[in-house]
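Side chains included, hydrogens not; waters and symmetry mates left out as well; all remaining heavy atoms used. Order of appearance sets the numbers: ligands from 1, and atoms from 1 within every ligand. Position 1 is the first residue of the sequence, and the numbers go up from there.
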Amino acid sequence: MDSGNLSGRNTLGLKAQADRVVLITDGVQLEPALTEARPFGPITVLGGGSNVVMHPVQPGTVLLMNILGRELRADDGHRVILRVGAGENWHELVLWCHHHGLHGLANLALIPGSVGAAPIQNIGAYGVEVSQFIRAVHVMDRETLATQVLAPESCQFRYRDSCFKHEEGAQWIITAVDFQLDRNAPVCLEYPALKERLSAADPTHDAVLAGVMSLRQEKLPDPVVTPNVGSFFKNPVLSQEEGDALRNNASGVPLFAGPEGGVKVPAAWLIDQLGWRGVEKQGVKVSDAHALVLVGCGAQTAEPWLTLAADIVASVESAFGLTLELEPRVLGHPQQIAS
Ligand code: EPU
């Protein structure tokens, strides 16, 4: 069992202490770890800690998911099925696939976090969502300890959402993910900002990877250097009619195609209109480079992050009648720890 200090295990660098922390490096360790953890209260699974806001007190047991491994399960010379351990680093996987000529994931380069966290959020960027490549998610039920292989339909993937974020999937702990990749896949240039970045008419996968990485590095701070979780809010998804109504009191709002014929409203635009960019309160700041990103400049606990986020949500609600949802998960209890 590890020390309960989680301060180095979340990209906001927040002070947090768990009763128990257990490192899981192999799938076979999970069943005994869950059985042992039962008397100690709730069980929280942590991957890279790059999309969580941790309160100081994490009751019960935190399982640090560090199961590694990449295994080619099928290969028809064109398409492959790759099984990847939940603890693998996401960006390293993207680079490894690219260098082995297995295409599909380049638009998702530089997203912080682990492979096991990717399906939970259905991570997405530059016109691609990870669910497009997932063929199976391997899970263990934290109550019954039964293992299961979930088909993509069972995961209920949506924009930044899946069953794993809701009651119906909360019992599952992800141990590995199967991806289908393609040696002959075309590049994906649907996202206008990416297309503009690439000057060649027919860009290569190398050019797309480099383009995505340069775009991200310009707009999104590196969590190793600057505390952040990427986007702090989700982009609201509206029906076409709701989008038209929004245009009446948010003149010039850019709307993007959303799921099921709806529209996606860039929350960054709404926040920007209200003058939040660059605003700093209690050691947390709205990034100068991107209004959807909050960055840490001294805050050591979750509270100032959640307070600034709540102020932004209230201001957007009162100006535009839209309720922004937080993108990261909030974990634990807000009691202070003695320093
Ligand atoms: N915009 C502003 N002000 C800003 C930034 C953007 O007005 O400060 C407006 C512009 O109109 C721009 C539009 O917002 O055209 C969209 O901006 P951007 O292309 O940066 O994308 P986003 O919707 O803000 C989403 C994802 C990002 C992902 C990018 C690129 C969500 C919550 N965020 O951001 O994902 O990298 O698209 O695909 O969907 C993350 O989830 O942590 C994340 C960084």
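What sits closest to atom 17 (O) of ligand 1 on the protein, heavy atoms only, is H290 NE2, 4.1 Å. The closest protein non-hydrogen atom to atom 36 (O) of ligand 1 is R216 NH1, 3.4 Å. Taking atom 1 (N) of ligand 1 as the reference point, the nearest protein heavy-atom neighbour is A268 CB, 3.7 Å. In terms of protein heavy atoms, atom 2 (C) of ligand 1 is closest to D272 OD2, 3.6 Å. Remark: minimum distance from atom 34 (O) of ligand 1 to any protein heavy atom is reached at L292 CD2, 4.1 Å. Among protein heavy atoms, atom 38 (O) of ligand 1 sits closest to Y126 N, 2.6 Å. Of the protein's heavy atoms, N235 ND2, 2.8 Å lies nearest to atom 23 (O) of ligand 1.
For ligand 1 and A125, the ligand atoms under 4.0 Å from any heavy atom of the residue are 36 (O), 38 (O). Of all atoms in ligand 1, numbered sequentially from 1 with element shown, those under 4.0 Å from a heavy atom of P254 are 11 (O). Within ligand 1, the atoms closer than 4.0 Å to a non-hydrogen atom of A291 are 4 (C), 8 (O), numbered from 1 in the order shown. Within ligand 1, counting atoms from 1 as listed, the ones closer than 4.0 Å to a heavy atom of G230 are 42 (O).
Ring pair H103/H205: centre-to-centre distance below 6.0 Å.
At a 4.0 Å cut-off, not a single heavy atom of Q121 sits close enough to ligand 1 to count as contact. Ligand 1 has at least one atom lying under 4.0 Å from a heavy atom of R160.
Under a 4.0 Å N-O distance rule, the pair E71/R73 qualifies as a salt bridge. For R183 and D76, the salt-bridge test fails: no basic side-chain N is under 4.0 Å from an acidic carboxylate O. Ionic pairing of K234 and E325 is present here: one or more N-O contacts between side-chain nitrogen and carboxylate oxygen are shorter than 4.0 angstrom.
The side chain of K219, and not its backbone, has at least one atom closer than 4.0 Å to an atom of ligand 1 (non-hydrogen atoms only; side chain from C-beta on). Contacts between L220 and ligand 1, counted as non-hydrogen atom pairs separated by less than 4.0 Å, involve the side chain only.
Proximity annotation for atom 14 (O) of ligand 1: of P266, G127, S231, A289, P266 comes nearest, heavy atoms only. Of the candidates F233, F256, Y191, it is Y191 that places a heavy atom closest to atom 37 (O) of ligand 1. The residue among F232, Y159, W269, W276 with a heavy atom at the shortest distance from atom 39 (O) of ligand 1 is Y159.
A donor and an acceptor atom, one from each side chain of S162 and N122, are nowhere located under 3.5 Å apart.
Proximity of atom 4 (C) of ligand 1 to the protein is indicated by at least one non-hydrogen atom lying closer than 4.0 angstrom.
By the neighbour-count criterion of 12 heavy atoms within 6.0 Å, atom CG of N248 is densely surrounded, having more than that number from other residues, nucleotides or ligands.
Remark: of the listed residues T175, D178, T147, D178 is the sole one forming a side-chain hydrogen bond (donor to acceptor under 3.5 Å, both in side chains) with H138.
When only interatomic distances are considered, the shortest N/O to N/O separation between K234 and ligand 1 does not fall below 3.5 Å.
No side-chain heavy atom of L64 sits under 4.5 Å from any side-chain heavy atom of I24.
In this structure a side-chain-to-backbone donor-acceptor pair under 3.5 Å is missing from Q156 to E153.
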